[in-house]
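Here the structure comes first, spelled out in structure tokens, and everything after it is commentary.
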Amino acid sequence: MPAIVVVGAQWGDEGKGKATDQLGSQVDFVVKFNGGNNAGHTVVVGSEKYALHLLPSGILSPGVTPVIGNGVVVDIEVLFQELDALVARGVDVSRLLVSSAAHVIAPFHRTLDKVSERFLGKRRIGTTGRGIGPAYADKINRVGIRVQDLFDENILRQKIEGSLDQKNHLLVKVYNRRAITVDETVEELLAYAERLRPMVADTSLVLNEALDAGKTVLFEGGQATMLDVDHGTYPFVTSSNATAGGVCTGSGIGPTRIDRVVGVIKAYTTRVGEGPFPTELHDDMGEFLRTTGGEFGVTTGRPRRCGWYDAVIARYSARVNGLTDFALTKLDVLTGLEQIPVCVAYDVDGTRFDEMPLDQSDFHHAKPILEYFPGWTEDITGARTFEDLPANAQAYVLALEGMSGSRMSVIGVGPDREQTIVRHELV
Ligand code: GDP
Ligand code: IMO
Ligand code: MG
């Protein structure tokens, strides 16, 4: 089973970090293919808790080669900070590879992210403010700066000049901010070059050779299906392809290489930032999920919006990612509820939708059609086999499996590596 993809099936924070970390001992490479330090993955190993943003979660597994693919946008200052923090805790980070074709988040991208959000007012996206959108915009606009540009001062200067030219007009004339000089940007980025150089590689070549040699490669998605720039709730999305298709463009391997696609999905739903969310709860139940599930952002600390499981989204994710498996997480958070509502379809102004509405305004008006499943009160955090779960918890999982479009192969019953039930092996 050489190439495995792990993606978020909802709006992020499903527990992709834990899922990747868990597979870490069985894989040779873990590759990040999209996004940047907008991601926030919490990995709990015994008494140790790690928060990873830019680095793939596989970095915590001894022997694994972590890779930052060409589809990632790299804030080099953050990269070094994360590496230093891990080294200080005794993690070996020496194998990290960074694609020479990955784009760089420059300081002005962060500035632009923040001012443009402010300018959007009530139409804002609620971004993480990390410069992700502006860096991808430059990439698509063909004025981006790539990792390889850092190793030639003349080229770097030219690229920065090209990139800053229009932006300074915008910053000064529209946003009323100071102009950013080419010199300050060149100086800051050049300062990273020497330390970065040994990590830089043709990661597409490395990964294809590894697959040829029968090695196992895990691709770890940042963000999630509903935040994908093409398949998510546009414009309330991130600026990359977080779905399985992004693996190929973001790492330089072909689709025929991929054997398994795992969608990580919570037993309920959360969302951070703005945008539609049909099953969102504004009552005590939402507060219950937030408090019990610890639903506060790893990156920005923002409280996450919470709601019930949405099977329409699960089916949509199964479809657009070609999922072979789901990893269902945080089942333990639902313990103690008398009954558990699940959204099986939407009502849009009197019309029933069993699949995602094509039209954005329909999705904005979607009201969940709920089915209710009996809850359980037993503590399930110690369950290690499906049979260890109370009958109602088993029935809940099987019901979700029946309506979500793929099998529920792994079930999370707590944040720790060990707190996992494996029904079907993923590697
Ligand atoms: P990611 O961005 O998809 O990696 O997810 P986050 O790390 O942002 O959020 C998931 C949170 O849930 C983290 O704090 C995890 O430690 C935690 N978590 C993951 N799986 C489980 C689970 O099965 N049960 C519980 N209670 N917590 C979990
Ligand atoms: P992980 O990998 C949840 C959301 C932001 C905002 C939108 C655009 O931890 O699941 P951006 O900064 O990317 O331009 O913001 O996307 N967002 C996430 N929400 N989990 C994430 O990552 C996210 N990364 C971005 O809140 O709504
Ligand atoms: Mg997260």
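Given the structure is predicted, the values throughout are model-derived calculations rather than measurements. When a residue number appears, it is its place in the shown sequence, counting from 1. Order of appearance sets the numbers: ligands from 1, and atoms from 1 within every ligand.
- Every atom of ligand 1 is numbered from 1 in the order shown, and the set under 4.0 Å from a heavy atom of K18 is 19 (C), 20 (N), 23 (O).
- If you number the atoms of ligand 1 from 1 as listed, the ones under 4.0 Å from a heavy atom of H41 come out as 1 (P), 2 (O), 4 (O), 7 (O).
- Set against the non-hydrogen atoms of K330, the atoms of ligand 1 under 4.0 Å away are 11 (C), 12 (O), 17 (C), 18 (N), 21 (C), 22 (C), 23 (O), 24 (N), 25 (C), 27 (N), 28 (C).
- The pair E82-K32 does not count as a salt bridge, with every side-chain nitrogen at least 4.0 angstrom from each carboxylate oxygen.
- At a threshold of 4.5 Å between non-hydrogen side-chain atoms, the residues I258 and I253 count as touching.
- With hydrogens and angles disregarded, no donor-acceptor distance shorter than 3.5 Å links the side chain of D165 to the backbone of E161.
- For ligand 2, the 4.0 Å heavy-atom shell contains residues W11, G12, D13, K16, N38, A39, G40, H41, I125, G126, T127, T128, G222, Q223, L227, V237, T238, V272, G273, R302.
- No donor-acceptor pair under 3.5 Å is formed between the side chain of S404 and the backbone N or O of A311.
- Using a 4.0 Å cut-off between charged side-chain N and carboxylate O, D75 and R130 make no salt bridge.
- Atom CD of E387 and atom CD1 of I421 lie 9.0 Å apart (nearest 0.5 Å).
- The nearest heavy-atom contact from the protein to atom 15 (C) of ligand 1 is T42 O, 4.0 Å.
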Would you check, one step at a time, whether the test side-chain hydrogen bond (donor to acceptor under 3.5 Å, both in side chains) holds for T335 with D332? CA-CA 5 Å; T335 299; D332 53 300; over 6 Å; no
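- The contact set between ligand 1 and G412, taken as ligand atoms under 4.0 Å from a residue heavy atom, comprises 23 (O).
- In this structure, the side chain of E355 does not engage the main chain of R315 through any donor-acceptor pair within 3.5 Å.
- Environment of CG in D283: crowded, with over 12 heavy atoms of neighbouring residues, nucleotides or ligands closer than 6.0 Å.
- Of the heavy atoms in D13, both backbone and side-chain atoms come closer than 4.0 Å to ligand 1.
- Salt-bridge annotation for E287 and R290: present, with a side-chain N of the basic residue lying under 4.0 Å from a carboxylate O of the acidic one.
- No heavy atom of Q223 sits closer than 4.0 Å to any atom of ligand 1.
- Remark: side-chain polar atoms of E14 are paired, donor with acceptor, to backbone N or O of G12 under 3.5 angstrom.
- Neither the backbone nor the side chain of K266 comes within 4.0 Å of ligand 1, counting heavy atoms alone.
- Counting only protein N, O or S atoms, 2 lie closer than 2.8 Å to the Mg ion (ligand 3).
- With atom 2 (O) of ligand 1 as the reference point, the heavy atom nearest to it among A39, A267, G40, G17 is part of G40.
- In V413, the part holding a heavy atom less than 4.0 Å from any atom of ligand 1 is the backbone.
- Classification of E274 and R124 as a salt-bridged pair holds, one side-chain N sitting under 4.0 Å from a carboxylate O.
- Every atom of ligand 1 is numbered from 1 in the order shown, and the set under 4.0 Å from a heavy atom of V298 is 8 (O).
- V264 is listed as a side-chain neighbour of T329, based on a closest heavy-atom distance under 4.5 Å.
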Residue pair T270, D13: steps toward the side-chain hydrogen bond (donor to acceptor under 3.5 Å, both in side chains) verdict: CA-CA 8 Å; T270 63; D13 306 321; 5.0 Å; no
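- For the pair R271 and D310, the salt-bridge criterion is not met [side-chain N within less than 4.0 Å of a carboxylate O].
- With hydrogens left out, the protein atom closest to atom 16 (O) of ligand 1 is P415 CB, 3.6 Å, a heavy atom.
- Where the criterion is an N or O separation shorter than 3.5 Å, residue side chain and backbone included, Q419 fails it with respect to ligand 1.
- The shortest side-chain heavy-atom distance between E48 and L60 does not fall under the 4.5 Å cut-off.
- The side-chain contact (heavy atoms from CB on, under 4.5 Å) test with F363 is passed by exactly one of L358, V348, T233, V312: T233.
- Scanning the protein heavy atoms around atom 22 (C) of ligand 1, the nearest turns out to be G414 O, 3.2 Å.
- Annotation for ligand 1: atoms under 4.0 Å from non-hydrogen atoms of R304 are 8 (O), 9 (O).
- Considering backbone and side-chain atoms alike, G15 places an N or O below 3.5 Å from some N or O of ligand 1.
- To the nearest 0.5 Å, atoms CD1 (I265) and OG1 (T225) are separated by 8.5 Å.
- The protein heavy atom nearest to atom 24 (N) of ligand 1 is D332 OD1, 2.8 Å.
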